[in-house]
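Keep in mind that what you see is a predicted model, and the values were worked out from it rather than measured.
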Amino acid sequence: QVSLVESGGGLVQTGKSLRLSCVVSGDTLRSITVGWFRQAPGKGREFIAATRGFNNAQYYGDSVKGRFTLSRDTAKNTVYLQMNSLEAEDTAVYYCAAARSMILSSLSQEDKYNYWGQGTQVTVSS
């Protein structure tokens, strides 16, 4: 069983930055794919980014490409999502998720992830 705990959300002004953390337990980062999704009020869950464990290859959704960056600390079994140039449209609950088996074409599909964190709220105000 893989468990994930997100943290780092909060209230921030437009144009500022936040870094979210996702601490993983129950498996090592090199063995799993970790993805980030977000859900704004009244909307479905949107793919943000993902990193594949065996090679740390990173993939980003179009809405955050160039602004958000993934990194990881294998010693802490933690994946980070650095969010820069935040916009009001980035306001959402952010979730990290994990899968032990994932093909490249499925990275953005939430139903392919077996384990989910509880989410952390990010609110961007002007």
Side-chain angles (χ1 to χ4, degrees):
Q1 183 76 11
V2 177
S3 297
L4 306 102
V5 178
E6 307 96 333
S7 62
L11 174 63
V12 65
Q13 289 184 321
T14 302
K16 300 298 186 182
S17 300
L18 273 179
R19 189 179 77 161
L20 305 183
S21 301
C22 175
V23 179
V24 179
S25 59
D27 211 330
T28 63
L29 291 184
R30 290 191 175 92
S31 301
I32 58 175
T33 294
V34 175
W36 284 92
F37 292 78
R38 69 185 180 188
Q39 188 165 20
K43 295 187 177 181
R45 208 166 282 185
E46 176 190 10
F47 170 75
I48 298 300
T51 175
R52 304 191 79 186
F54 70 98
N55 63 358
N56 199 27
Q58 297 166 9
Y59 305 87
Y60 297 91
D62 289 340
S63 63
V64 304
K65 207 170 289 184
R67 298 189 298 126
F68 291 11
T69 304
L70 285 172
S71 62
R72 72 181 188 183
D73 184 331
T74 53
K76 296 182 179 179
N77 229 35
T78 300
V79 175
Y80 302 100
L81 180 68
Q82 178 67 41
M83 308 187 296
N84 298 330
S85 303
L86 284 163
E87 305 165 351
E89 291 73 23
D90 296 316
T91 295
V93 178
Y94 284 70
Y95 300 89
C96 63
R100 285 198 168 104
S101 178
M102 178 71 73
I103 60 175
L104 186 58
S105 60
S106 297
L107 278 173
S108 64
Q109 299 175 27
E110 62 175 296
D111 63 343
K112 302 302 184 187
Y113 291 82
N114 311 104
Y115 309 100
W116 290 82
Q118 82 288 351
T120 185
Q121 175 72 45
V122 172
T123 303
V124 184
S125 67
S126 56

Q: Show which residues join L11 in its hydrophobic cluster (side-chain heavy-atom contacts under 4.5 Å, direct or indirect), or state none.
A: none

(Q) Whether the side chain of S85 engages the backbone of G15 through a donor-acceptor N/O pair (distance < 3.5 Å, no angle test) should be reported. (A) no

(Q) Taking transitive links into account, so neighbours of neighbours count too, which hydrophobic residues share a cluster with V64 at under 4.5 Å side-chain distance? (A) V2, L4, V12, L18, L20, V24, L29, I32, V34, W36, I48, Y60, F68, L70, V79, L81, M83, L86, Y94, Y115, V122, V124

Q.
Taking salt bridge (charged side-chain N to carboxylate O under 4.0 Å, His left out) as the definition, give me every residue that meets it alongside D73, ordered by chain and number, with sequence neighbours left out.
A. none

Q: Not counting sequence neighbours, which residues clear ring-ring contact (aromatic ring centres under 6.0 Å, His included) with F47? List them please.
A: F37

**Q.** Any donor-acceptor N/O pair, E110 side chain to E46 backbone, under 3.5 Å
**A.** no

Q: Check for a donor-acceptor pair, side chain of N77 on one end and backbone N or O of D27 on the other, with a separation under 3.5 Å.
A: yes

Q: Report the residues that fulfil side-chain hydrogen bond (donor to acceptor under 3.5 Å, both in side chains) with T91, sequence neighbours left out, ordered by chain and then residue number.
A: none

Q.
So, using side-chain hydrogen bond (donor to acceptor under 3.5 Å, both in side chains) as the criterion, who are the partners of T123 when residues are at least two apart?
A. Q121

**Q.** Side chains of R72 and R30 in contact at under 4.5 Å (non-hydrogen atoms)
**A.** yes

Q. Who pairs with A88 by side chain to side chain contact (heavy atoms under 4.5 Å, CB included), at least two apart in sequence or on another chain?
A. none

Q. Can you list every pair that meets disulfide (SG to SG under 2.5 Å) and has a residue in residues 21-72, with sequence neighbours left out?
A. C22-C96

Q. Among all residues two or more places apart in sequence or in another chain, which pass the side chain to side chain contact (heavy atoms under 4.5 Å, CB included) test with S106?
A. M102, I103, Q109, K112

Q. In Å and rounded to the nearest 0.5 Å, what is the OG to OH distance from S108 to Y113?
A. 7.5 Å

Q) When rounded to the nearest 0.5 angstrom, what distance separates CZ in R52 from OG in S31? A) 13.0 Å

Q) What pair of heavy atoms forms the shortest contact from S63 to R38, and how long is it? A) OG-NH2, 3.5 Å

Q: Could you tell me which residues satisfy side-chain hydrogen bond (donor to acceptor under 3.5 Å, both in side chains) with N84, sequence neighbours excluded, listed by chain and number?
A: S17, Q82

Q: Could you list the residues that satisfy salt bridge (charged side-chain N to carboxylate O under 4.0 Å, His left out) with K76, not counting sequence neighbours?
A: none

**Q.** Which atom of A50 lies closest to which atom of L107, heavy atoms considered
**A.** CB-CD2, 3.9 Å

Q. If you look only at pairs with a residue in residues 46-92, which of them pass as a disulfide (SG to SG under 2.5 Å), with sequence neighbours excluded?
A. none

Q | Closest non-hydrogen atom pair, G119 against E6 | A | N-OE1, 2.9 Å

Q.
Strictly distance-based, threshold 3.5 Å: is any side-chain N or O of Y80 a donor or acceptor partner for the main-chain N or O of T69?
A. no

